[in-house]
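Excluded from the calculations below are hydrogen atoms, water molecules and symmetry mates; all remaining heavy atoms, backbone and side chain alike, are included.
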Amino acid sequence: MPRPLCSPKIENARNAADWLRRATRDIGLGFHPDTPASEYINVATEKPLFVGADAEAFDAARMRAFEMLGERVYDQGLRIQQRHLRGVQT
């Protein structure tokens, strides 16, 4: 999995929205901000997408996005996924 998902600098709402866009792009439409790293599986290899320190860092970033956006994380995520579905670059 790309390292930016595991080691982002989330210092404000804009950083959090950027991280949500990367997560949606890199994980795909199966991404949900409530889903912990341990539940993401690579369908081609049937192996976890995140393990060890990367899983911990992904979950820390996910929680930081909630700290910065609060419940707006869901609205942001939905808009990003809708754009993704329409083929708009996120």
Side-chain angles (χ1 to χ4, degrees):
M1 186 53 47
R3 295 291 306 156
L5 287 179
C6 299
S7 58
K9 289 187 179 186
I10 300 177
E11 299 170 344
N12 54 49
R14 177 171 287 226
N15 297 151
D18 289 343
W19 183 84
L20 288 169
R21 276 190 289 280
R22 285 193 307 271
T24 300
R25 181 193 65 217
D26 294 349
I27 294 174
L29 294 173
F31 170 72
H32 191 280
D34 288 341
T35 303
S38 62
E39 293 185 22
Y40 288 106
I41 305 295
N42 181 319
V43 294
T45 65
E46 297 183 3
K47 295 185 183 211
L49 283 180
F50 304 97
V51 293
D54 283 347
E56 291 174 18
F58 176 87
D59 284 337
R62 190 172 56 83
M63 298 313 298
R64 185 71 174 149
F66 273 103
E67 290 173 18
M68 294 293 105
L69 293 170
E71 293 295 309
R72 292 178 299 151
V73 76
Y74 300 111
D75 293 331
Q76 285 277 357
L78 183 58
R79 279 195 295 275
I80 291 164
Q81 288 194 348
Q82 287 170 336
R83 288 176 54 103
H84 189 77
L85 283 167
R86 288 193 307 263
V88 177
Q89 280 290 35
T90 58

| request: Quick one: sort the Phe31 and Tyr40 rings into parallel, tilted or perpendicular, breaks at 30° and 60°. | output: parallel
| message | Testing the basics here: between Ala16 and Ala65, what is the closest heavy-atom pair and its distance to 0.1 Å? | response | CB-CA, 3.9 Å
| message | Side chains of Ile27 and Phe50, heavy atoms from C-beta outward: is any pair under 4.5 Å? | response | yes
| task | Measure the spacing between CZ of Arg25 and CD1 of Ile80 and express it to the nearest 0.5 Å. | result | 11.0 Å
| note | Applying side-chain contact (heavy atoms from CB on, under 4.5 Å) to Ala13 and not counting sequence neighbours gives Leu69, Arg72
| field | Tyr74 and Phe66 aromatic ring geometry - parallel, tilted or perpendicular at 30°/60° bounds | value | perpendicular
| query | Counting N and O atoms only, with roles assigned by atom type, does the side chain of Asn15 sit under 3.5 Å from a partner on the main chain of Glu11, one being a donor and the other an acceptor? | reply | yes
| message | Give me each pair satisfying salt bridge (charged side-chain N to carboxylate O under 4.0 Å, His left out) with a member in residues 35-50, each pair once, sequence neighbours excluded. | response | none
| request: To the nearest 0.5 angstrom, please state how far the CE atom of Met63 sits from the CD1 atom of Ile10. | output: 11.0 Å
| field | Residues forming a side-chain hydrogen bond (donor to acceptor under 3.5 Å, both in side chains) with Asn42, sequence neighbours excluded | value | none
| query | Considering residues at least two apart in sequence or located in another chain, which fulfil the side-chain hydrogen bond (donor to acceptor under 3.5 Å, both in side chains) criterion with Glu67? | reply | Arg64
| query | Distance from Ser38 atom OG to Leu49 atom CG, nearest 0.5 Å? | reply | 11.0 Å
| query | Would you call Leu29 and Leu85 a side-chain contact if the rule is heavy atoms closer than 4.5 Å? | reply | yes
| Excluding sequence neighbours, so at least two apart, what forms side-chain contact (heavy atoms from CB on, under 4.5 Å) with Gln82? | Leu78, Arg79, Arg86
| remark: Sorted by chain and residue number, the side-chain contact (heavy atoms from CB on, under 4.5 Å) partners of Ala17 (sequence neighbours excluded) come out as Arg21, Gln76
| field | Atom pair CG/CG of Leu5 and Asp54 - distance to nearest 0.5 Å | value | 10.0 Å
| So, Arg62 side chain and Pro33 main chain: donor-acceptor pair closer than 3.5 Å or not? | yes
